[in-house]
Amino acid sequence: MTTRPDSQNQLDALRSEIERRNPAQPEFHQAVHEVLDTLAPVLAARPEYAEPGLVERLCEPERQVIFRVPWQDDQGRVHVNRGFRVEFNSALGPYKGGLRFHPSVNLGIVKFLGFEQVFKNALTGLGIGGGKGGSDFDPHGRSDAEVMRFCQSFMTELYRHIGEHTDVPAGDIGVGGREIGYLFGQYRRITNRWEAGVLTGKGLGWGGSAIRPEATGYGNVLFAEAMLRERGEDLEGQTAVVSGSGNVAIYTVEKLLALGANPLTCSDSSGYVVDDKGIDLDLLKQIKEVERGRISEYAERRGASARFVPGGRVWEVPADVALPSATQNELDENDAAALVRNGVKAVSEGANMPATPEAVHLFQRAGVAFGPGKAANAGGVAVSALEMAQNHARTAWSPARVEEELAGIMSHIHTTCHETAERYGAPGDYVTGANIAGFERVADAMLAQGVI
Ligand code: NDP
């Protein structure tokens with residue numbers, strides 16, 4: 001497939017314009033560039049997509065909300081955080097995407113996440129648009145009562161912007177079942193409505209879906225296995241390095257073990273643990289889910305097979321498969337070079353944009369199967385959409401049914417990315433496949449719905 005130079009010129013001009021109009025938002029620029037870099041063949045092949053304004057509209061959020069979140073700590077001191085909700089694109093359905101509570105959160109981070117979410121949600125094949133939100137609040141070291149007061153204050157503003165047919169937030173970094181509970185309670189109190197479909201990731205007894213906590217990690221492992229199967233292999237007996245030790249990482253480890261693989265590592269922002277016998281899932285869950293402790297405690301309690309490496313990155317540990325599951329830009333070119341040197345076969349992104357562009361190029365040049373987050377970690381939002389479907393029908397599906405649906409959706413995403421990449425002359429390039437397939441679905445809906 002040849003690329004018309006005018007398509008590339010159009011995309012290059014747009015890229016410069018986006019940088020100019022969105023200063024000091026490097027993560028947003030990175031996410032947009034990564035998509036625009038792959039769209040020239042589809043704009044050349046389908047002239048309707050090159051229509052002035054279409055890609056420009058796709059790169060501009062429909063709505064951006066920023067608000068003050070005042071709250072009191074247990075000593076009565078007042079803190080002021082900043083809340084965000086970026087409603088990026090609703091051509092395919094209500095805005096859908098998580099809330100992140102982490103001190104690094106700012107508008108550029110929320111926009112990068114919202115932009116990624118638009119393509120990811122399109123790839124699931126379900127009727128969900130893209131959005132993202134959060135706050136620079138840091139839940140680490142805060143009591144349950146402080147987290148509750150923060151969530152209540154956050155929702156006291158957010159409630160007016162969301163709704164089951166409008167915008168449906170979920171969890172992300174720093175927002176798990178506890179936070180979703182406090183947020184849902186406050187929404188219900190303010191609106192006087194039992195509107196289960198307004199938030200996903202709810203508790204099983206009050207509108208949550210089976211397999212939602214597991215979905216992102218499970219889905220990413222299924223995606224990694226699908227990539228390996230394309231090469232005549234599977235996960236049985238393979239070693240894996242996993243970063244992070246939160247929701248995504250824990251259920252990545254669980255699924256790796258279920259498929260006969262051997263996860264060797266986990267990490268948090270203080271460093272990583274490597275366990276020669278393979279990660280002990282029960283101990284990991286006890287420390288991280290029950291006690292909310294630090295990953296160093298895993299090595300202290302596990303015995304001789306495990307050690308803690310303060311400040312280190314898991315990528316220096318040799319393994320067959322790498323599953324980054326912590327945060328953006330956690331795997332750079334040097335890390336990628338170490339993984340390739342040690343013979344890694346597949347890298348699948350559980351986190352959003354964990355590999356830098358240089359790392360991605362290095363993997364692709366080395367012939368490593370690389371699954372981008374917007375495809376590989378879409379299992380979480382897919383099961384969130386299934387949670388919404390169950391809420392609308394006032395029913396609850398069995399874990400077996402949800403898991404079967406998840407497996408079907410991940411297989412569909414893998415096939416779609418694989419076939420789209422081949423169709424546009426980039427066989428085996430899941431980045432191009434995911435970007436173009438997601439783009440086609442959203443762009444078709446936007447063209448049909450007119451200039452809005
Ligand atoms: P959690 O808050 O449950 O866990 C995050 C983990 O990553 C923790 O171990 C945390 O360590 C570590 N981490 C976070 N920020 C940093 C940082 N700046 N440096 C080093 N380590 C860090 O979040 P999730 O597991 O839900 O999310 C992980 C990733 O997966 C994110 O990129 C998220 O956007 C993505 N994702 C999540 C989905 C979901 O369903 N939850 C769906 C799709 C993608 P520490 O505790 O020390 O901060």
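Whatever order the structure lists them in is the order used to number ligands and atoms, beginning at 1.
Put simply, part of R100 is less than 4.0 Å from ligand 1, judged by heavy atoms. Proximity of H140 to ligand 1 is established by a heavy-atom distance of less than 4.0 Å. Residue contact check for ligand 1: K288 places no non-hydrogen atom closer than 4.0 Å to it. Close to ligand 1: S245, with a non-hydrogen atom less than 4.0 angstrom away. Heavy-atom distances between Q328 and ligand 1 stay at or above 4.0 Å for every pair.
What sits closest to atom 4 (O) of ligand 1 on the protein, heavy atoms only, is G246 CA, 3.3 Å. Remark: minimum distance from atom 27 (O) of ligand 1 to any protein heavy atom is reached at I173 CG1, 3.7 Å.
For ligand 1, the polar-atom distance check against G244 finds no nitrogen or oxygen pair separated by under 3.5 Å. Residue G174 has at least one N or O atom closer than 3.5 Å to an N or O atom of ligand 1.
Here the rule is side-chain hydrogen bond (donor to acceptor under 3.5 Å, both in side chains) with Y272, and of R313, R307, E316 only E316 fits it.
A donor atom on one side chain and an acceptor atom on the other are found under 3.5 Å apart for D275 and S305.
At a 4.0 Å heavy-atom cut-off, ligand 1 touches S267 through the backbone alone.
Less than 4.0 angstrom separates atom 37 (C) of ligand 1 from at least one non-hydrogen atom of the protein.
For the pair L283 and D280, the tightest heavy-atom approach, listed with the atom from each and the gap, is N-OD1, 3.1 Å.
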